[in-house]
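Worksheet for the structure shown next.
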Protein chains: 2
Amino acid sequence: MMNAIIENQRVSAIAALFRRAPHQLNRIHESDAEILRLPGSDDTYLAVTTDAISEEIASGLYTDPYQIGWMTVMANMSDLAAVAAVPAGVLLAETLPASYPGADVREIQHGIEDACEAAGTWILGGDTNEGAQLVLSACALGTITGRILSRRGCTSGDILYASGPLGRGNAFAFQQLLSDNISPFPYRPLARIRESQIIQRYARCCMDTSDGAFGTLDQLMRLNLVGFRLDDGWENSLDPESRDVLRAASLPEWLLLAGPHGEFEILFTVAPSDEASLIDESGSIDWHPVRLGQVIDEPSVVLTVGGEAVPFATGWMRNLFSDVSRPLNQKLNDLLEYDLAQQEGAYDHVHA
Amino acid sequence: MMNAIIENQRVSAIAALFRRAPHQLNRIHESDAEILRLPGSDDTYLAVTTDAISEEIASGLYTDPYQIGWMTVMANMSDLAAVAAVPAGVLLAETLPASYPGADVREIQHGIEDACEAAGTWILGGDTNEGAQLVLSACALGTITGRILSRRGCTSGDILYASGPLGRGNAFAFQQLLSDNISPFPYRPLARIRESQIIQRYARCCMDTSDGAFGTLDQLMRLNLVGFRLDDGWENSLDPESRDVLRAASLPEWLLLAGPHGEFEILFTVAPSDEASLIDESGSIDWHPVRLGQVIDEPSVVLTVGGEAVPFATGWMRNLFSDVSRPLNQKLNDLLEYDLAQQEGAYDHVHA
């Protein structure tokens, strides 16, 4: 099940080369951040994660230096949020081309600092190098008190929630990389650090949508051997501005869930008996989690499209996007062909 | 004093853009690793550091994939050793070109794993990206129990020690980058993790030699407003094989201290009254720290060369090496001219 996904195979192959730390509490594939028990601490755990902004720069997805700085921090903060860690600081490793303008370097740092302030954290230090290509890498630390959240633990009957509307990351990527629109809408996600303290009390399983909603649901499906059925009217869980972008381009809205550039929300499930308390507590911090659907027995991701409940080939889509040799517009065409086949009821023969 | 060094100016300028974390215990410039007080822990501190192997690959200094992996871990371990932290784990951020051979990728991971095992630590996780240029970046965590070591705290009269013989990093770099020798001797430093637990009990100040011995002494000089006078016979503190390399090339041996590619030893000072205990304890783990000299009032780095005690322009040398636009062989020529002027007693007029 896990190994049907090329990215999972790759991660497993790398991990197999290394011994596992005896004080590491999370298992491979099962957590957005690494979780450690530290000496001298009984009920506080350390969460650490690293994420680089590299392909996003090389592909032209991020061109604005301020956004590059912002995303460097937020991608890591979102991993901390998915394990309900309180941020303790960030280390930066920057590779800058000699020719990169000084004003742009300052804009990057400005975006980094603003993102740290927004997430309630600090730059602790770092390392700067000169290199052929701009790469911003960060490592974030946080502390976990109480329950350790992981991607595993949901069961059939659980209610599926998103921490906020979905699709903005993919709509931004579409505008930036595949449309003639020269000024995409702003994309500056805010990791759900504050909300994660409530999610921690109720979630049965939990994962951030940094690789898109389908990518997240597909991974949760494989880890938990369950499926997800989105509620009728799932389109209302999408970011309204993102829906406008897709409609204007005459593209099906489910592409906002399928693309690999996520929105850095958290997907989580709760027991039906906890739903009322979740809504109550989240209201107290003026946060409105979005109900997406239910956990089902059958391991597939099911959406109602054109009045019919259809399972989506989310694993095929993930592998499609991890094939770097195929140009992005061809991948979009593949998805549109899939959409067509689906409307003809033929999709499940095409992509098993 | 600090700002006479271009690298210090650069680090200060970046740090000025960011707020400082209230729970960060070290000050800027004064520690090899960032040190944090964590909630739920009274007498254990967290040490974190990040170091990328990027310029070393781009310049051709490291070409062997196994060595690249090894150094990625050890550069970070050496920072932990300089604050007497017990390693808790490493996160990797790898940027690999699509064309990079699979066998070489495995050799990198092999070097990473062997270095982790040698330093008593583990890979916790990481992030892999595709990019134009090979860059290996790591972030290391460790815990400190007891005294917090820093680069500040030595006083005139202290005895200066190195954790081992000096010069191997620079001799390797000379062979690899500036000589016709096609097979340099092996360079695979082992960070002084174990020894740092003894250093912690005695050191007044402490810093690793990742940027070379003169770079380290120069920084300690500026931070502590003291100087260092190396003992007569300082040449005996050099790695014998490295001395052979320099002699064979008819180059002055002090170049082994002056180059910017260090040996990842620890330089530290102890009170004269602690010297006997240090030697006694270090003997118990079969470790033999090398006595280098003494801390003096006058802020300069003084060596006896040709029978005369002469202050070396270590600040000028550091700035020389941080000028990336100047080719390495020209930098070597600058140092050889300096050597000549020094022999003629004219050096101090040339480089004030």
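Each chain gets a letter, A, B and so on, in the order its sequence line appears, and its residues count up from 1.
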*Do we see a donor-acceptor contact under 3.5 Å between the side chains of Gln176(B) and Thr63(B)?*
yes

_Using heavy-atom distances under 4.5 Å, tell me whether Val135(B) contacts chain A through its side chain, its backbone, both, or neither._
side chain

*Ser325(A) versus chain B, heavy atoms under 4.5 Å apart: side chain, backbone, both or neither?*
neither

*Identify the heavy atoms of Pro87(B) and Ala119(B) that sit nearest to each other, and give their distance.*
CG-O, 3.8 Å

*asked:* Please classify the contact between Ala21(A) and chain B as side chain, backbone, both or neither, with a heavy-atom cut-off of under 4.5 Å.
replied: both

*Checking Ile14(A) against chain B: side chain, backbone, both or neither under 4.5 Å from a heavy atom?*
side chain

_Heavy-atom side-chain proximity of Phe321(B) to Arg326(B) below 4.5 angstrom_ = no

*Side chain from CB out, backbone as N, CA, C, O: work out which of these in Ile35(A) comes under 4.5 Å of a heavy atom of chain B, or both, or neither.*
neither

*Winner by heavy-atom pair count (cut-off under 4.5 Å) against chain B, out of Thr145(A), Thr44(A), Thr50(A), Ile112(A)*: Thr50(A)

_Per-residue contact mode, Leu17(A) against chain B (heavy atom under 4.5 angstrom)_ = both

_Counting only non-hydrogen atoms closer than 4.5 Å, does Thr143(B) touch chain A with its backbone (N, CA, C, O), its side chain (CB onward), both, or neither?_
side chain

*Highest number of heavy-atom pairs under 4.5 Å with chain A: which of Cys139(B), Ala52(B), Ala98(B), Ala15(B)?*
Ala52(B)

*Over 12 non-hydrogen atoms of neighbours within 6.0 angstrom of CZ in Arg201(A)*: yes

*Within-4.5 Å side-chain heavy-atom neighbours: Ile108(A) and Tyr100(A)*: yes

*Identify whether the distance between the nearest side-chain nitrogen and carboxylate oxygen of Glu30(B) and Arg151(B) falls below 4.0 Å.*
no

*asked:* Between Glu113(A) and Arg19(B) (salt bridge meaning N to carboxylate O under 4.0 Å), is one present in this structure?
replied: yes

*Heavy atoms only: give me the nearest Glu107(B)-Pro65(B) pair and the separation to one decimal.*
CB-CB, 3.7 Å

*Determine yes or no for a side-chain-to-main-chain donor-acceptor pair under 3.5 angstrom, with Lys331(A) supplying the side chain and Gly259(A) the backbone.*
no

*Tell me, side chain or backbone of Ile57(B) under 4.5 Å from chain A's heavy atoms, or both, or neither?*
neither

*asked:* Counting the benzene-type ring for Trp, do Tyr62(A) and His261(A) have ring centres under 6.0 Å apart?
replied: yes

*asked:* Heavy-atom cut-off 4.5 Å, strictly under: side chain, backbone, both or neither for Arg106(A) against chain B?
replied: neither

*Let me know if Val324(A) has heavy atoms under 4.5 Å from chain B in its side chain, its backbone, both or neither.*
side chain

*asked:* At a 4.5 Å cut-off on heavy atoms, which part of Glu34(A) comes close to chain B: side chain, backbone, both, or neither?
replied: side chain

_Validation row: Asp211(B), Pro260(B) side chains within 4.5 angstrom (heavy atoms)_ = no

*When only heavy atoms count and the cut-off is under 4.5 Å, which of residues 120-132 of chain A reach chain B?*
Thr121(A), Trp122(A), Ile123(A), Leu124(A), Gly125(A), Gly126(A), Asp127(A), Thr128(A), Asn129(A), Glu130(A), Gly131(A), Ala132(A)

*Below 4.5 Å, heavy atoms only, C-beta onward: do Ser12(B) and His29(B) meet side chain to side chain?*
yes

*Is the backbone of Met74(A) close enough, under 3.5 Å, to the side chain of Ser78(A) for a donor and an acceptor to pair up by distance?*
no

_Proximal component of Leu46(B), with respect to chain A [non-hydrogen, under 4.5 Å]_ = side chain

_Side chains of Asn8(A) and Gln219(A): any donor to acceptor distance under 3.5 Å?_
yes

*Under 4.5 Å from any heavy atom of chain A - which part of Arg10(B)*: side chain

*chain B: which of Leu141(A), Val105(A), Asn26(A), Val11(A) shares the most heavy-atom pairs with it under 4.5 Å?*
Leu141(A)

*Under 4.5 Å heavy-atom distance to chain A, tell me which part of Gln24(B) shows up: side chain, backbone, both or neither.*
side chain

*Relative to chain B, which segment of Glu94(A) carries a heavy atom at a distance below 4.5 Å: side chain, backbone, both, or neither?*
neither

*Might you confirm whether atom CZ of Arg27(A) has over 12 heavy atoms from other residues, nucleotides or ligands at distances under 6.0 Å?*
no

